[in-house]
Amino acid sequence: MTFITRFAPSPTGPLHLGHAYSALLAHDLARAAQGRFLLRIEDIDTTRSRPEWERQIYDDLAWLGITWDAPPVRQSDRADTYRDALQTLWSRGLLYPCTCTRRDIAAAVSAPQEGAEPPQGPDGLIYPGTCRHRFARDTAAPPEGMALRLDMQAALDTIGPRAMAFTETGPTGSTPRPVPLGDLTSTVGDIVLSRKDFLGSYHLSVVLDDATQQITHVIRGKDLFEATRIHVLLQVVMDLPTPTYLHHRLIRDDQGRRLAKRDDARAIALYRAEGLRPQDIRAKVGLQAAVS
Ligand code: GLU
């Protein structure tokens with residue numbers, strides 16, 4: 001089986017050292033395995049994505065010595081795939097429309113238990129289910145202009161007692177990781193799979209895109225470990241293959257905080273402007289020189 005991995009940045013800001021580490025690590029592993037390295041531009045959030053950031057991504061990656069083995073896939077070109085998947089999930093009764101704002105959710109979860117911290121999932125507050133039985137679900141197509149949530153319990157019911165697991169590889173070898181089933185209703189809840197303002201959500205598109213690009217190894221930061229459980233669930237529900245995952249360490253700033261888009265001071269473009277070379281970036285993130 002050919003090793004196929006990808007780097008999937010969102011063009012909503014400059015690439016920083018954390019992105020460089022993720023991209024270089026995936027690229028190095030693909031080259032060492034004589035596999036394929038693919039690029040995906042996660043521009044599904046058209047309100048925040050900018051063409052200039054996309055151009056900068058290509059430019060920074062090429063400067064780092066990274067080459068990709070097929071034209072980049074752009075999520076903004078894949079609306080039909082996301083729409084078809086949503087339609088199928090809707091027809092199976094696994095989605096419901098939701099009109100709650102963040103504020104509605106915060107109010108609903110904080111009211112009953114004064115003082116107690118409301119439970120958080122990978123996407124923020126766990127949805128209390130306000131809209132779960134509020135709108136008709138037996139229409140032919142989902143309503144337009146509303147968010148669609150996955151009915152987590154209904155999704156788990158389609159899987160039955162089947163165990164779910166994924167394989168994680170790391171410096172110490174491969175570890176099978178079980179994904180507890182019942183736990184997903186209380187630790188993840190009814191996640192959004194289609195947002196009101198654009199088709200698809202991160203979780204839906206990433207799973208469909210990895211399947212289309214035939215990704216065998218997903219290499220990404222530890223911050224996405226919890227999201228992986230959601231992705232494995234969606235793969236099983238939609239009958240898609242589950243890749244092997246590698247969750248790498250996070251590059252942190254001097255205060256030990258994880259780098260984010262706001263960390264423009266660590267933007268690759270700025271280091272380039274200051275005269276650093278690609279091997280200096282490798283050294284900064286603790287990677288050896290590239291093997292050619
Ligand atoms: N687009 C995501 C990000 O920039 C990465 C998605 C993934 O690796 O699954 O954080």
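First listed ligand is number 1; within each ligand, the first listed atom is number 1. Atoms considered below: every heavy atom in the structure, side chains included; atoms not considered: hydrogens, waters and symmetry mates.
- Taking a cut-off of under 4.0 Å to the non-hydrogen atoms of Arg220, the atoms of ligand 1 that pass are 7 (C), 8 (O), 9 (O).
- Considering both main-chain and side-chain atoms, Ala8 comes within under 3.5 Å of ligand 1 through a nitrogen or oxygen pair.
- A cation-pi arrangement, defined by a distance under 6.0 Å to the six-membered ring centre and an angle within 45 degrees of its axis, is absent between Arg132 and Tyr127.
- Pairs engaging residues 85-95 under the side-chain hydrogen bond (donor to acceptor under 3.5 Å, both in side chains) rule: Gln87-Ser91 [sequence neighbours left out].
- Contact analysis puts Arg6 in contact with ligand 1, with a non-hydrogen atom separation below 4.0 angstrom.
- Judged by distance alone, the side chains of Thr169 and His217 never bring a donor and an acceptor atom under 3.5 Å apart.
- For a threshold of 3.5 Å applied to N or O pairs, the pair formed by Arg40 and ligand 1 contains no separation below that value.
- In summary, the atoms of ligand 1 found under 4.0 Å from a heavy atom of Glu42, numbered by their order in the structure, are 1 (N), 2 (C), 5 (C), 6 (C).
- Evaluated for a side chain to side chain donor-acceptor pair (under 3.5 Å) with Asp43, the options Ser49, Ser10, Ser76 yield exactly one hit, Ser76.
- Looking at Arg78 and Thr212, their side chains do bring a donor and an acceptor atom within 3.5 Å of each other.
- Applying the 4.0 Å criterion to heavy atoms of Val206 picks out, from ligand 1, the atoms 9 (O).
- Residue Ser10 has at least one heavy-atom neighbour below 4.0 Å for each of these atoms of ligand 1: 1 (N), 4 (O).
- Salt-bridge check for Asp209 with Arg6: failed, with every basic side-chain N at 4.0 Å or more from each acidic carboxylate O.
- Contact analysis leaves Phe7 out of contact with ligand 1, as no non-hydrogen atom separation drops below 4.0 angstrom.
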